[in-house]
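Right, one structure below, let's go through it.
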Amino acid sequence: MKIFGLIAVLVVGALLLSATSDFPDWRDKDSPANKSPVSSFYIEKTEKLTKVPNMVTAVLADYRGYDTMFETVVIFIAGIGIIAVLRNFDGPYSSSIRRENNDEGSGLLARITCSLILPFIQIFALYVVAHGHHSPGGGFQGGVMLGASYILLALAFGLSKAKGYFSERRTMIFAAVGIFIYAGWGVLCLLFGKEFLNYSVLDSLLPGDVEMARSHSMLIVEIGVAFTVTAIMFSMYSNLSTRGRLNKGL
Amino acid sequence: MIWQFDIIILIFLVIAAIISLRLKDLLGASMVFGIYSFLICLLWAEMGAVDVAFTEAAVGAGVSTVIMIATVFSTKRRSKD
Amino acid sequence: MTEFSFIPLFTWIVSLLAVPMILLFRKRPDAREGVTFLAAFMKLGMIFMMLPLIREGKILHFKFGEILPGIPIEFRVDGLGMLFALVASSLWILTTLYSIGYMRGLKEHDQTRFFCCFAISLSATIGVAFAGNLLTLYIFYEILSLSTYPLVTHHGDKEARSGGRTYLSHLLGTSVAFVLPAMIYCYLKKGGDINFTDGSLLTTNIDAGAGLIVLLAFTFGFAKNGLMPFHSWLPNAMVAPTPVSALLHAVAVVKVGVFCVIRVFTGVFGIELLEKLDIAVVVSWIAAFTVITSSLMALSQDNLKRRLAFSTIGQLSYIILGVSLLSDFGVTGSILHVAMHAFGKITLFFCAGAIYVAMHKKYVSELVGIGRKMPITMTAFAIGSLSVIGLPVTGGLVSKWYLVMGTAQSEQIALLVVFLISSILNACYFLPIVYRAFFCRPEESLYEGGRQEAPLACLIPLCITALLSVISFFNPSLFIELAELIIK
Amino acid sequence: MTEHFPVLILLVPLFGALIVVLLGRERPDQCWVTSLISLGISSLISFFTVIAVLSGKVQELRYRMGGWPESEGYEIGIELRVDILAALVVFAVTLIGFVNTIYSKTRAEAEVQGKVPFFYALMQLLIVGLCGIVMTNDAFNLYVLIEITSLTSYALIAMGNRRAALSSFNYVIMGTIGASFYLIGVGYLYIKTGTLNIDDIHMVLGQKNSWADQSIIVAFIFIMLGVWTKMAFFPLHGWLPNAYAYAPSMTGTFMAPLMTKVMVYVMIRVMLWLFGYKFVYSGQYIWGELIIWMSVLAIVAGSLLALARTDIKKMLTYLIVAEVGYMVGGAWLGNVTGQAGAFYHILSDAAMTFCLFIAASIIVLRVGDSRVNAFDGLFRKMPLTMIGFTVGALSMIGLPPTCGFFSKWYLISGGIEAGQWEYVCALIFSSLVNAVIFFRIFERAYFGKISGVKEDHFPTDSDANPDIRIKEVPWSMLIPLFLASGTVLLLGIMNRSLFEWIQTALKMMNA
Amino acid sequence: MDPIVATFIEENIVPNFNYWIYVILMMIGLYAMITKNNLIKKLIGMAIFQTAIILFYVSVGVKDTAGIPIISHHGSEHHQMAGLSSEAGSTKEIHNKIDKDKYANPLPHVLMLTAIVVGVSTLGLALAISQKIYKSFGTLEEDEILNELRPGGHD
């Protein structure tokens with residue numbers, strides 16, 4: 001087995017290395033990928049068409065928004081997939097919400113530190129979501145940070161306390177609603193008579209002109225992504241850390 | 001855009017990857033994998049892919065390490081290889 | 001010349017329509033058999049309706065649907081198909097009568113299933129007889145194989161199952177393995193149609209090697225013709241009840257095999273092309289080998305039905321041999337032999353079944369002096385064996401005469417010798433039975449009680465078939481006429 | 001309205017999945033109804049899409065996501081592209097999903113206790129992913145959708161027993177390797193062409209005439225390896241049999257017919273649309289012959305492995321491996337007949353695999369034994385089920401009225417046209433082996449001793465044995481079975497028109 | 001560093017170094033996925049494998065002389081001052097003409113965001129499955145699991 005694996009790996013590596021021979025140089029600004037009309041269109045026209053200086057956000061949420069919707073769906077699938085595989089529901093459904101006497105969680109110092117920094121983490125996460133147009137970040141990164149803040153809460157104060165804020169039912173609703181916001185916004189464009197996710201028709205709905213309509217729609221879409229990612233990150237952690245029993249954390 | 005950094009980080013990457021795969025203690029392996037993710041996040045920041053770096057910092061070094069450690073805690077810690 | 005007509009379709013479908021009725025009357029045997037009779041007579045009636053048209057040289061023709069590009073489901077009634085359909089459907093009536101006597105006499109189980117499968121297989125046989133292109137032929141051929149499987153394995157015990165396994169594996173395997181690719185090859189070669197019009201492959205530039213391979217693929221692929229080395233399903237299928245052996249393995253199934261081969265020779269390749277390529281002689285030598293070998297094997301069989309089976313293999317190879325001579329007399333003779341051998345052989349099977357019903361004897365060695373107990377049966381047996389051997393006052397002589405003429409016409413003296421040797425062998429394995437049945441002293445057990453014939457339902461059909469094979473000697477004109485329609 | 005059909009096909013099940021999750025665990029019946037409705041609507045829409053594409057007004061539907069126009073001849077955004085082939089496959093996918101939902105009504109309750117909504121959500125998302133794969137015209141979007149289908153199938157399979165979990169883990173490893181290889185291939189294409197739209201990549205490769213570039217060849221090899229891993233082409237089939245055999249029955253019934261077939265479609269798509277006839281079939285690369293031989297190997301090995309199995313579902317899964325060999329070989333024959341035959345076989349094989357899996361699951365459920373001798377005497381006990389099973393089996397063997405015969409016909413004609421006799425022989429061999437396999441089963445079902453019936457001389461005689469009880473399963477399982485077997489026959493009957501549509505569509509690409 | 005060496009490296013090593021390392025990382029990950037015995041180790045290998053591919057994609061989009069793909073106005077003004085101060089137009093013009101060599105290619109970044117998400121989703125799901133396996137088999141070593149299945153007839 002090991003030998004077979006080694007041979008296979010070596011063959012694959014040899015193929016790939018042989019292919020690198022006729023690649024354009026690394027950092028070459030005239031490589032086909034870099035001077036192709038597509039990427040130059042993104043770089044040159046983005047700000048004019050969408051008023052979003054962060055091209056990555058623009059491409060992510062507008063030009064290839066269809067991809068990003070499915071990216072969110074992938075996260076969603078992972079979340080409900082983990083529940084479907086691992087979760088074992090014992091007793092009535094509501095029992096997973098009930099508060100236990102939390103002898104869990106970590107020491108006093110950690111709790112105090114967490115209670116001090118958690119607000120800042122969450123505020124920063126919201127900032128990342130909202131400011132993704134102008135700076136690195138966006139719905140996904142912000143969502144992950146928000147979810148991480150809840151994970152931190154669970155680590156410090158025990159899972160049951162965290163579940164008090166973010167029960168399982170609520171995580172599911174949040175996750176579904178996030179995609180609802182995203183896809184629903186696209187369907188709104190459909191209802192206005194243009195293609196799916198064609199934000200430009202919504203300028204009648206949103207303040208500002210067509211470009212601002214695109215920009216605002218991106219913000220809304222990113223918020224949807226943030227909803228889903230936050231919920232799923234937390235439910236991932238809470239299921240994996242308790243073998244799907246959701247009774248007490250690490 | 002300094003290629004010296006680039007090369008150094010790449011070399012460290014390979015080392016981190018090998019270590020994390022050779023450690024018999026799965027907890028340690030997960031830790032080293034976190035380091036690996038952090039290194040690669042540095043690499044991307046250095047290559048100008050700030051969004052990717054941000055995401056990797058949040059996901060790779062953050063969440064995926066955490067869930068991996070969670071799994072290690074709830075299963076066995078030592079592995080045979 | 002060819003005219004459109006619905007009659008072939010009705011002829012094909014009538015026995016199919018009988019099936020639900022039979023299922024409906026499963027609890028009332030008389031009504032059930034009544035339905036079967038009705039269907040059989042209607043079928044025969046329609047065929048007689050078509051007969052005069054065919055004799056005028058018309059070709060009835062019906063097609064519907066185009067299941068593959070350029071290939072419809074197509075019925076096309078010409079002399080050959082007419083003759084075969086005539087024989088099969090007329091003998092179906094007799095067999096139905098006979099099987100009523102047999103099945104009830106032995107209190108067989110699952111008679112409903114038996115009659116259903118019988119009806120389906122008959123309609124499949126008619127479908128083969130009237131098929132207008134290779135695909136239709138193939139489809140009905142497969143349906144026939146599948147629908148006869150329950151009949152062969154009727155008893156459901158271990159022996160029957162193994163027999164059925166051999167049966168299905170041989171027939172299905174060869175047809176899928178050889179016929180299908182050969183058929184597709186012809187389809188591509190001809191550019192999208194495989195109808196039976198004379199010399200249809202003649203238009204294409206096919207060379208001798210490919211032609212030989214395709215010809216052999218067809219000849220072995222239609223393994224129902226019992227050509228060696230794919231013959232062993234036939235003796236194994238003798239585990240079936242005797243009516244099944246009688247109709248299917250003396251008339252329908254095996255004759256379908258040789259019928260397909262005749263179609264391939266006359267319809268797909270065409271005599272001229274075969275003469276041009278000069279490849280048919282290979283087939284004729286394989287057939288000759290089969291004739292001799294099977295006759296020798298038949299000599300050593302003690303089970304009566306197995307002996308009949310081996311003799312069937314030999315007689316079928318007569319037909320293939322005759323058509324592979326490519327001479328007018330040869331082809332006519334082989335087509336005639338389809339009918340004549342049918343009459344003779346079904347008589348023999350009926351007699352074997354009657355003996356089994358009356359005396360529960362199935363081995364040749366037990367038949368010493370049985371002539372005293374069942375004279376009528378054994379007389380019919382004698383006539384049938386005369387016909388199969390090809391001796392006068394039976395129709396067998398006519399067809400064999402034509403076959404011998406064919407060998408002479410195509411200067412194949414060696415094959416002529418084969419015919420003579422095999423006739424002697426046939427005599428060797430039939431006449432002793434008749435002789436010992438009548439002229440030897442039986443053991444005492446056979447003295448008490450007077451004559452002990454099988455029930456009338458069994459007796460009447462075998463008398464009729466024996467009579468038919470005598471009549472067909474004095475008045476074979478109808479068959480000859482139909483057979484010669486193919487030649488010109 | 002017509003121009004929005006492609007995206008609606010995707011959106012309806014997507015929203016259906018969300019609603020199902022929101023409904024939650026307390027209302028399994030409403031979950032079932034929701035997914036039934038959503039998949040029904042989606043399959044209706046896809047049916048109308050087929051009509052629209054056939055009606056000739058629009059040869060193919062192109063749908064620009066976000067409505068971004070192309071600049072300098074390059075697509076900026078993501079584009080959907082539905083021609084007749086895609087429309088047919090999408091219709092098959094949605095229809096099978098819909099029918100399988102009917103089947104799952106009773107099974108889902110029984111097999112995934114308390115997780116019904118998640119099952120239905122994952123199932124609908126899997127349908128979304130498959131439809132997206134078929135319709136998208138963007139190489140990277142294809143990757144994302146492949147991952148969606150993979151993740152959903154990992155989860156769906158792992159919902160089964162412990163064996164299912166283990167095989168699902170192997171599936172995760174193999175599937176990730178496959179998808180990542182595909183991603184590598186796309187990356188190599190991107191670094192050479194600078195675009196991700198399939199048509200644009202094809203155009204750029206044609207312009208630069210960079211067919212012979214090392215990296216393009218490597219890209220092709222890796223994309224092929226990835227796709228083959230996902231479709232369980234013979235040497236890479238290791239994950240498939242256990243995964244589909246141990247998955248919950250209602251999962252296996254619709255995953256077995258769909259996943260491999262859709263990946264075969266992706267392979268044909270990549271070969272003809274992305275790289276193009278000139279590159280794939282040009283004589284300068286040896287892979288043509290090689291892959292034909294590999295497919296021969298796949299067919300023979302798959303059939304023999306299936307012959308060696310006594311477990312029904314295992315046997316069927318190995319038959320799938322053999323069928324994949326059929327399609328890969330047919331697609332690589334290099335003539336339109338072969339490609340069209342392979343494509344027609346995608347549809348017919350989906351139908352007959354669906355039929356056989358449903359029948360097998362019903363039998364295993366009712367008899368409680370997954371080995372072949374579960375079939376003893378079933379023609380008497382469950383006649384309706386056996387009728388459905390028989391239709392599927394005859395089609396698998398390739399006997400005339402069913403669609404299996406016609407797909408074999410086209411594939412063999414393609415093989416003869418291309419002069420690839422080894423492929424023809426492999427096809428015939430496998431159909432002979434299938435005949436052996438299935439007639440072995442029929443014999444058992446026909447003569448096998450029925451448990452609980454007094455042993456008389458004729459165990460199969462219903463007249464003599466009045467105490468044989470007919471025990472069929474509820475209609476919610478029989479209706480899907482009959483729909484499937486009816487589809488098998490229908491495809492066989494209307495094969496000609498289907499084949500001509502497919503042929504015309506493919507001729508355009510090969511020109 | 002010695003300039004000659006530096007130039008040598010810059011000429012010959014740098015242009016393909018990223019690609020080499022990506023291939024090496026990918027081989028490491030693939031080898032671990034295929035041959036490692038522990039399921040968690042397999043998953044770590046899988047994560048490394050995926051990050052290697054991401055590394056490849058990101059390396060494709062890199063340009064020297066290019067910064068992050070975020071348009072920063074004062075940055076471009078700066079460039080205006082420094083470079084072609086001759087036509088110091090209104091900021092509108094400056095917005096209109098954007099030198100695309102100043103910004104990295106954003107497309108690979110977008111694709112890789114998606115790829116990272118897919119990676120973490122796969123990882124989470126696979127971890128869940130491995131926990132289920134541990135729950136029913138009591139171990140995460142592949143050979144032990146197979147040994148336990150052996151009497152059950154594993155093929």
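Protein chains get the first letters and strands the later ones, always in sequence-line order, with residue 1 at the start of each.
- With chain B as partner, the option from E:Leu140, E:Ile68, E:Thr139 having the largest number of non-hydrogen pairs under 4.5 angstrom is E:Ile68.
- For E:Ile21, the part lying near chain B is the side chain, with the backbone staying farther off; criterion is any non-hydrogen pair under 4.5 Å.
- Within the 4.5 angstrom heavy-atom criterion, only side-chain atoms of B:Leu43, from C-beta onward, approach chain E.
- If you measure heavy-atom distances from E:Asn18 to chain B, the contacts under 4.5 Å come from both the backbone and the side chain.
- Top candidate by heavy-atom pairs under 4.5 Å with chain B, chosen from E:Gln131, E:Glu144, E:Met112, is E:Gln131.
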Throw together a table of side-chain donor-acceptor distances under 3.5 angstrom for residues 57-67 of chain B, partners on residues two or more places apart or in other chains.
unit_1, atom_1, unit_2, atom_2, d
B:Ser64, OG, B:Val59, O, 3.1
B:Ser64, OG, B:Gly60, O, 2.6
B:Thr65, OG1, B:Gly60, O, 2.9
B:Thr65, OG1, B:Ala61, O, 3.1

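- For the pair E:Met33 and E:Ile48, the minimum side-chain heavy-atom distance is 4.5 Å or more.
- Heavy atoms of E:Leu127 lying under 4.5 Å from chain B belong to its backbone as well as its side chain.
- Within a 6.0 Å radius of CZ in B:Phe12, no more than 12 heavy atoms belonging to other residues, nucleotides or ligands are found.
- Comparing B:Thr55, B:Val50, B:Thr75 by how many heavy-atom pairs each has under 4.5 Å with chain E, the most go to B:Thr75.
- Side chain of B:Asp6 to main chain of B:Glu46: no donor-acceptor pair is present (N/O by atom type, distance under 3.5 Å, no hydrogens or angles).
- The side-chain heavy atoms of B:Arg78 and B:Leu26, taken from C-beta on, include no pair separated by under 4.5 Å.
- Going from atom OG of B:Ser30 over to atom CD1 of E:Ile40 covers 7.5 Å, rounded to the nearest 0.5 Å.
- Residues E:Asp143 and E:Asn37 form a side-chain contact, since some pair of their non-hydrogen atoms from C-beta on lies under 4.5 Å apart.
- Of the two parts of B:Ile40, only the side chain, counted from C-beta on, holds a non-hydrogen atom closer than 4.5 Å to a non-hydrogen atom of chain E.
- For B:Phe38, the CZ atom counts as loosely surrounded, since its 6.0 Å shell holds 12 or fewer non-hydrogen atoms of other residues, nucleotides or ligands.
- Residues from residues 116-124 of chain E that place a non-hydrogen atom less than 4.5 Å from a non-hydrogen atom of chain B comprise E:Ile116, E:Val120, E:Leu123, E:Gly124, given in numerical order.
- With a 4.5 Å cut-off on non-hydrogen atoms, E:Leu43 does not touch chain B at all.
- Of the inter-residue distances, the one linking B:Leu23 atom CG with B:Phe33 atom CZ reads 13.5 Å to the nearest 0.5 angstrom.
- For E:Glu141, the salt bridge (charged side-chain N to carboxylate O under 4.0 Å, His left out) criterion is met by no residue, not counting sequence neighbours.
- E:Thr35 is linked by a side-chain contact (heavy atoms from CB on, under 4.5 Å) to A:Lys2, E:Tyr31, counting only residues two or more places apart in sequence or in another chain.
- If you measure heavy-atom distances from E:Leu55 to chain B, the contacts under 4.5 Å come from both the backbone and the side chain.
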